[in-house]
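Sequential numbering from 1 along the given sequence is applied to the chain's residues.
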Amino acid sequence: SRLPAIVSEVTLLGNGHTIQRLPASPAFRILEIGYPARVSIDAVTITGGEDDAGGGISAESVLWLLITNSTIEDNAANSGGGVYCMQCYLFMSRSIVRNNSATYSGGGIRFYFYKPTDETRVVDQLQTPENSYCGLGYSTGITESSITGNSAQIGGGLSYHGSSFSVEGGTISDNTAITGGGLMNYRGGGCIDSTTFSGNTASEKGGALYNESFALKNEAVGLNPLAIPAAEHDMVHHESFEIPDYGGFTVEADVVETAP
């Protein structure tokens with residue numbers, strides 16, 4: 001049955017264990033986290049959840065959610081198949097988000113951030129790579145993680161709406177959507193550094209990444225810009241006030257399927 005909502009400071013140390021909804025059970029999400037929670041999750045697999053928002057995890061108005069060394073897989077929702085993060089500060093490191101689905105937005109993770117908060121974020125606990133270009137200071141951060149095999153209409157792997165975000169290292173691969181196969185960014189500011197996009201597919205725009213944003217920073221120090229222009233195969237689609245260079249990530253075999 002559904003677990004009680006977490007609204008306080010909690011640390012889940014899984015030691016490799018799994019929290020799972022059995023297929024024959026009624027639909028429910030695995031974890032629900034609400035204000036004013038500060039939650040750390042380490043070495044846990046979350047699987048089989050199903051709900052309207054956040055099949056695996058739903059986090060709303062959460063002051064601090066840190067996910068490390070964990071796997072979120074085979075969950076389903078209307079929005080945020082694996083994780084739904086609304087007005088919350090989510091930081092993920094060395095984790096896997098795979099084979100989750102959403103009927104609308106954010107097959108892997110859906111971020112929705114509509115206004116700033118006066119609460120102080122505890123961001124210094126997040127371990128960023130030594131050669132970090134993005135650094136700290138974003139409302140969400142994903143480092144050295146794998147976002148793979150997820151699906152949605154918008155943002156198959158990751159969907160950002162109004163969030164300031166960073167994605168550093170890791171891979172975004174084999175995700176599918178109508179728009180933004182790997183990643184969808186709408187009206188947020190972000191930084192992508194040393195991340196590989198591979199095998200993502202969109203049926204309309206942005207096989208790897210769709211960016212409808214005020215700014216997207218991704219020119220990483222020491223990396224060469226992509227040789228493939230964004231317009232080719234519409235792998236990286238920008239509708240933005242600031243068109244960035246492409247040094248911060250690598251696109252490999254991301255495509256847009258076109259109807260005959």
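The two atoms that bring Tyr104 and Ala152 nearest to each other are O-CB, 3.7 Å, heavy atoms only. Residues Thr45 and Glu73 come closest through the heavy atom pair CG2-OE2, 3.8 Å. What you find for Ser159 and Ile154 is that their closest heavy atoms are CB-O, 4.0 Å. Residues Ala177 and Gly155 approach most closely at CB-N, 4.0 Å, considering heavy atoms. Ala202 approaches Gly206 most closely through the heavy-atom pair CB-O, 3.6 Å. The two residues Arg29 and Ser58 have their closest heavy-atom pair at NE-CB, 3.2 Å.
Side-chain atoms of Asn200 and Ile172, non-hydrogen and from C-beta on, do get closer than 4.5 Å to each other. At a threshold of 4.5 Å between non-hydrogen side-chain atoms, the residues Asp42 and Leu12 do not count as touching. Using a 4.5 Å cut-off on side-chain heavy atoms (C-beta onward), Val39 and Leu66 make no contact. Contact check for Val97 versus Thr148: no side-chain heavy atoms found under the 4.5 Å cut-off. A 4.5 Å side-chain heavy-atom check between Tyr160 and Val167 finds at least one atom pair inside the cut-off. Side-chain contact check for Thr140 versus Phe91: every heavy-atom pair is 4.5 Å or farther apart. Put simply, the side chain of Phe165 reaches to within 4.5 Å of the side chain of Asn185, judged on heavy atoms. Put simply, the side chain of Thr71 does not reach to within 4.5 Å of the side chain of Thr47, judged on heavy atoms.
Atoms CG and OG, from Asp52 and Ser79 in turn, are 8.0 Å apart once rounded to the nearest 0.5 Å. In this structure, Ser40 OG and Trp64 CH2 are separated by 6.5 Å, a value rounded to the nearest 0.5 Å. Here the OH-CZ distance, from Tyr89 to Arg38, works out to 10.5 Å after rounding to the nearest 0.5 Å. Note: Ser145 OG to Arg98 CZ = 12.5 Å, rounded to the nearest 0.5 Å. To the nearest 0.5 Å, atoms CD1 (Ile72) and CD1 (Ile109) are separated by 6.0 Å. Atoms NZ and OH, on Lys205 and Tyr210 in that order, are 4.5 Å from each other to the nearest 0.5 Å.
Of the possible polar contacts, one joining the Ser70 side chain to the Thr68 backbone as a donor-acceptor pair under 3.5 Å is found. Side-chain atoms of Gln153 come within 3.5 Å of backbone N or O of Thr103 as a donor-acceptor pair. The main-chain N or O of Gly34 is never found under 3.5 Å from a side-chain atom of Ser61 such that the two would form a donor-acceptor pair. Under the 3.5 Å distance criterion, the side-chain polar atoms of Ser95 are matched with a main-chain donor or acceptor of Ser93. Panel note: side chain Asn150, backbone Asn99; a donor-acceptor pair is recorded below 3.5 Å. Judged by distance alone, with hydrogens and angles left aside, the side-chain atoms of Asn75 form no donor-acceptor pair with the main-chain N or O of Asn100 at under 3.5 Å.
Salt bridge present: Glu50 and Arg21 bring a charged side-chain N and a carboxylate O closer than 4.0 Å.
Taking the six-membered ring where tryptophan is involved, the planes of His161 and Tyr186 are perpendicular, since the angle between them exceeds 60° and thus also 30°.
The stretch residues 7-18 participates, sequence neighbours left out, in no side-chain hydrogen bond (donor to acceptor under 3.5 Å, both in side chains) pair at all. For the disulfide (SG to SG under 2.5 Å) condition, the pairs that include at least one residue of residues 57-111, sequence neighbours left out, are Cys85-Cys88.
Inspection of the Thr201 and Thr176 side chains reveals no N or O donor paired with an N or O acceptor under 3.5 Å.
Hydrophobic clustering, with ILVMFWY side chains joined whenever heavy atoms are under 4.5 angstrom apart, keeps Leu3 apart from Val7. By the rule that hydrophobic residues join a cluster once side-chain heavy atoms approach within less than 4.5 Å of another member, Ile178 and Ile147 end up as members of separate clusters. Using a 4.5 Å cut-off between side-chain heavy atoms of Ile, Leu, Val, Met, Phe, Trp and Tyr, with links allowed through other members, Val44 and Ile6 fall into the same hydrophobic cluster. Cluster membership for Ile19 and Ile96, using ILVMFWY side-chain heavy atoms within less than 4.5 angstrom, is not shared.
Of the options Ile41, Leu65, Ile67, a side-chain contact (heavy atoms from CB on, under 4.5 Å) to Met92 is made by Ile67 and by none of the others.
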Any chance you could lay out the side chain to side chain contact (heavy atoms under 4.5 Å, CB included) test for Leu158 and Ile142, step after step, and finish with the verdict?
CA-CA 11 Å; Leu158 302 172; Ile142 296 176; 3.9 Å; yes
